[in-house]
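Working notes, structure below.
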Amino acid sequence: MGSLKEIKNDLQKAVVPGKAKDLMRFFKTGPGEYGEDDIFIGVTVPEQRKIARRHYKELDSTELEKLLRDPCHECRLTALFMMRLRFEKEKSAVKREELVKLYLNNLDFVNNWDLVDSSAPYILGPHLYGEDPALLFELAKSGELWRQRVAVLTTAYFIKQGRFDETLKLAALLLEHPHDLIHKAVGWMLREVGNRDHDCELEFLKKHHSRMPRTMLRYAIEKFEPGLRKKILAGQF
């Protein structure tokens with residue numbers, strides 16, 4: 001069996017010289033930026049996935065939580081990849097519930113867009129599908145950026161099942177959000193709705209396009225044919 005120390009050693013061995021600086025710039029770790037003070041060591045995502053696949057069965061809940069709470073961004077992302085693999089392969093409803101609790105109890109450490117996007121649709125999405133979605137609206141109303149993005153991205157799983165109601169309600173709720181990372185997330189999910197039901201997305205846009213931030217609107221209509229995109233951006237539809 002592997003250990004927390006082995007996983008961290010594997011991550012250190014996979015460090016690409018000079019990459020940490022690029023990652024810190026890309027994930028906005030400067031003063032006042034959304035990823036302020038986050039720490040990167042410079043490991044690529046494919047390498048983190050490999051390490052997660054190699055070790056995902058090995059840690060107990062306590063060690064997995066320690067990895068998820070680590071100051072190092074790559075440790076946290078690797079922990080989430082491991083949790084996602086466990087959740088997908090776990091047959092026991094009780095153990096899946098334990099993973100969800102571990103995830104929700106540590107949302108403070110799911111604190112950048114890649115961490116959210118790599119976990120919420122795959123852990124919280126299938127857990128809440130068919131259940132009361134009230135938690136999503138609690139997260140959306142929390143006023144906390146990453147919890148709000150968790151709420152929106154969780155519905156990616158719902159959309160794949162052909163269920164759009166929560167996505168549309170969250171989109172309406174977050175129309176006037178100040179941050180572009182929510183604009184992008186909402187626009188992306190609306191686009192995914194439109195990929196499955198063009199008329200459903202169009203109906204939402206007709207009702208709300210005038211209030212939508214430009215980034216959100218552009219993301220939402222990215223796959224529309226050029227003439228319709230132009231009309232929507234001009235408010236002429």
Side-chain angles (χ1 to χ4, degrees), residues 80-81 83-85 87-88 93 96 100 103-104 107 110 112-237:
L80 290 167
F81 284 147
M83 291 174 66
R84 173 176 162 180
L85 284 166
F87 190 87
E88 288 171 351
R96 283 164 67 97
V100 171
Y103 183 71
L104 291 174
L107 279 184
V110 185
N112 213 313
W113 60 262
D114 62 324
L115 303 175
V116 172
D117 299 5
S118 298
S119 59
Y122 308 100
I123 298 172
L124 208 52
H127 171 72
L128 286 179
Y129 187 72
E131 301 292 331
D132 184 350
L135 174 62
L136 296 181
F137 297 93
E138 290 176 22
L139 294 172
K141 294 174 183 177
S142 68
E144 297 179 23
L145 175 64
W146 304 121
R147 290 171 185 251
Q148 291 171 318
R149 190 167 173 111
V150 164
V152 176
L153 264 292
T154 293
T155 70
Y157 182 86
F158 297 9
I159 294 168
K160 287 181 179 179
Q161 316 309 313
R163 175 170 150 185
F164 312 137
D165 189 52
E166 286 81 9
T167 303
L168 299 176
K169 287 179 179 177
L170 287 169
L173 181 65
L174 295 168
L175 280 177
E176 297 178 2
H177 196 282
H179 206 291
D180 72 335
L181 285 173
I182 296 299
H183 304 168
K184 290 174 181 178
V186 171
W188 173 19
M189 290 302 102
L190 289 173
R191 185 173 72 236
E192 291 299 318
V193 169
N195 287 342
R196 291 158 179 82
D197 190 330
H198 179 82
D199 290 343
C200 180
E201 184 188 359
L202 201 58
E203 183 180 348
F204 181 91
L205 295 176
K206 284 179 179 178
K207 184 176 181 180
H208 297 291
H209 77 278
S210 63
R211 292 175 56 213
M212 292 174 71
R214 208 64 169 176
T215 297
M216 185 188 295
L217 185 58
R218 287 187 179 277
Y219 268 61
I221 64 176
E222 186 178 292
K223 297 293 180 69
F224 285 13
E225 60 92 17
L228 180 56
R229 280 207 310 273
K230 188 174 180 179
K231 284 183 179 181
I232 293 172
L233 287 170
Q236 298 172 349
F237 81 112

Fill in: Residues in side-chain hydrogen bond (donor to acceptor under 3.5 Å, both in side chains) contact with Arg229, at least two apart in sequence or another chain
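Once residues adjacent in sequence are excluded, Arg229 has no partner under the side-chain hydrogen bond (donor to acceptor under 3.5 Å, both in side chains) criterion.
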Discussion item. Arg147: which residues meet the side-chain hydrogen bond (donor to acceptor under 3.5 Å, both in side chains) condition with it, sequence neighbours left out?
Written reply: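 Residues passing side-chain hydrogen bond (donor to acceptor under 3.5 Å, both in side chains) with Arg147: Asp108, Glu144.
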Enumerate, atom names and distances included, each donor-acceptor pair closer than 3.5 Å involving a side-chain atom of residues 221-228, sequence neighbours excluded.
| from | atom 1 | to | atom 2 | distance (Å) |
| --- | --- | --- | --- | --- |
| Glu225 | OE1 | Gly227 | N | 3.0 |
| Glu225 | OE2 | Leu228 | N | 2.8 |

Worksheet item: So, the side chain of Asp132 versus the backbone of Ala134: is there a donor-acceptor pair under 3.5 Å, distance only?
Response: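 Confirmed, Asp132 side chain pairs with Ala134 backbone.
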Discussion item. Has His208 got a side-chain atom pairing as donor or acceptor with Phe204's backbone, closer than 3.5 angstrom?
Written reply: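 Not confirmed, His208 side chain does not pair with Phe204 backbone.
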Heavy-atom closest contact ([X] atom, [Y] atom, distance):
X: Phe164; Y: Cys200; answer: CD1-SG, 4.0 Å
X: Ile159; Y: Met189; answer: CD1-O, 3.6 Å
X: Ala220; Y: Met212; answer: CB-CE, 4.4 Å
X: Asp117; Y: Trp188; answer: OD2-CZ3, 3.6 Å
X: Gly194; Y: Glu201; answer: CA-OE1, 3.1 Å
X: Ala151; Y: Ala140; answer: CB-N, 4.0 Å

Rounded to the nearest 0.5 Å, how far does [atom2] of [Y] lie from [atom1] of [X]?
X: Leu217; Y: Arg214; atom1: CG; atom2: CZ; value: 6.0 Å
X: Tyr157; Y: Lys160; atom1: OH; atom2: NZ; value: 9.5 Å
X: Leu233; Y: Lys231; atom1: CG; atom2: NZ; value: 13.0 Å
X: Phe137; Y: Ser142; atom1: CZ; atom2: OG; value: 13.5 Å

Sequence neighbours excluded and cut-off under 3.5 Å, please list the side-chain donor-acceptor pairs for residues 122-131, or say none.
none

Worksheet entry | Criterion salt bridge (charged side-chain N to carboxylate O under 4.0 Å, His left out) on Glu192 and Arg196, from CA distance to verdict | CA-CA 7 Å; Glu192 291 299 318; Arg196 291 158 179 82; 3.1 Å; yes
Worksheet item: For Ile232 and Leu202, what are the C-alpha separation, side-chain angles and deciding distance, and is it a side chain to side chain contact (heavy atoms under 4.5 Å, CB included)?
Response: CA-CA 10 Å; Ile232 293 172; Leu202 201 58; 4.2 Å; yes
Discussion item. I'd like to know whether Tyr219 forms a side chain to side chain contact (heavy atoms under 4.5 Å, CB included) with Val186, so could you lay out the CA-CA distance, the side-chain angles of the two residues, the decisive distance to 0.1 Å, and finally the verdict.
Written reply: CA-CA 8 Å; Tyr219 268 61; Val186 171; over 6 Å; no
Worksheet item: Can we say Glu88 and Arg84 salt-bridge, meaning some charged N sits less than 4.0 Å from an Asp/Glu carboxylate O?
Response: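 A salt bridge is present here (some side-chain N lies under 4.0 Å from a carboxylate O).
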Practice prompt. Could you tell me which residues satisfy side-chain contact (heavy atoms from CB on, under 4.5 Å) with Ala120, sequence neighbours excluded, listed by chain and number?
Written response: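 side-chain contact (heavy atoms from CB on, under 4.5 Å) check on Ala120 returns Tyr103, Val116, Val150, Leu153, Thr154.
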Ignoring hydrogens and angles, write down the donor-acceptor pairs under 3.5 Å from the side chains of residues 166-177, residues two or more places apart or on other chains.
| from | atom 1 | to | atom 2 | distance (Å) |
| --- | --- | --- | --- | --- |
| Glu166 | OE1 | Arg163 | NE | 3.0 |
| Glu166 | OE2 | Arg163 | NE | 3.3 |
| Glu166 | OE2 | Arg163 | NH2 | 2.8 |
| Thr167 | OG1 | Thr155 | OG1 | 2.9 |
| Lys169 | NZ | Asp165 | OD2 | 3.1 |
| Glu176 | OE2 | Arg211 | NE | 3.3 |
| Glu176 | OE2 | Arg211 | NH2 | 3.1 |
| His177 | ND1 | His179 | N | 3.0 |
| His177 | NE2 | Gln148 | OE1 | 2.6 |

Item to complete: Begin from the C-alpha positions of His183 and Asp180 and carry the test side chain to side chain contact (heavy atoms under 4.5 Å, CB included) through to its verdict.
Response: CA-CA 5 Å; His183 304 168; Asp180 72 335; 4.1 Å; yes
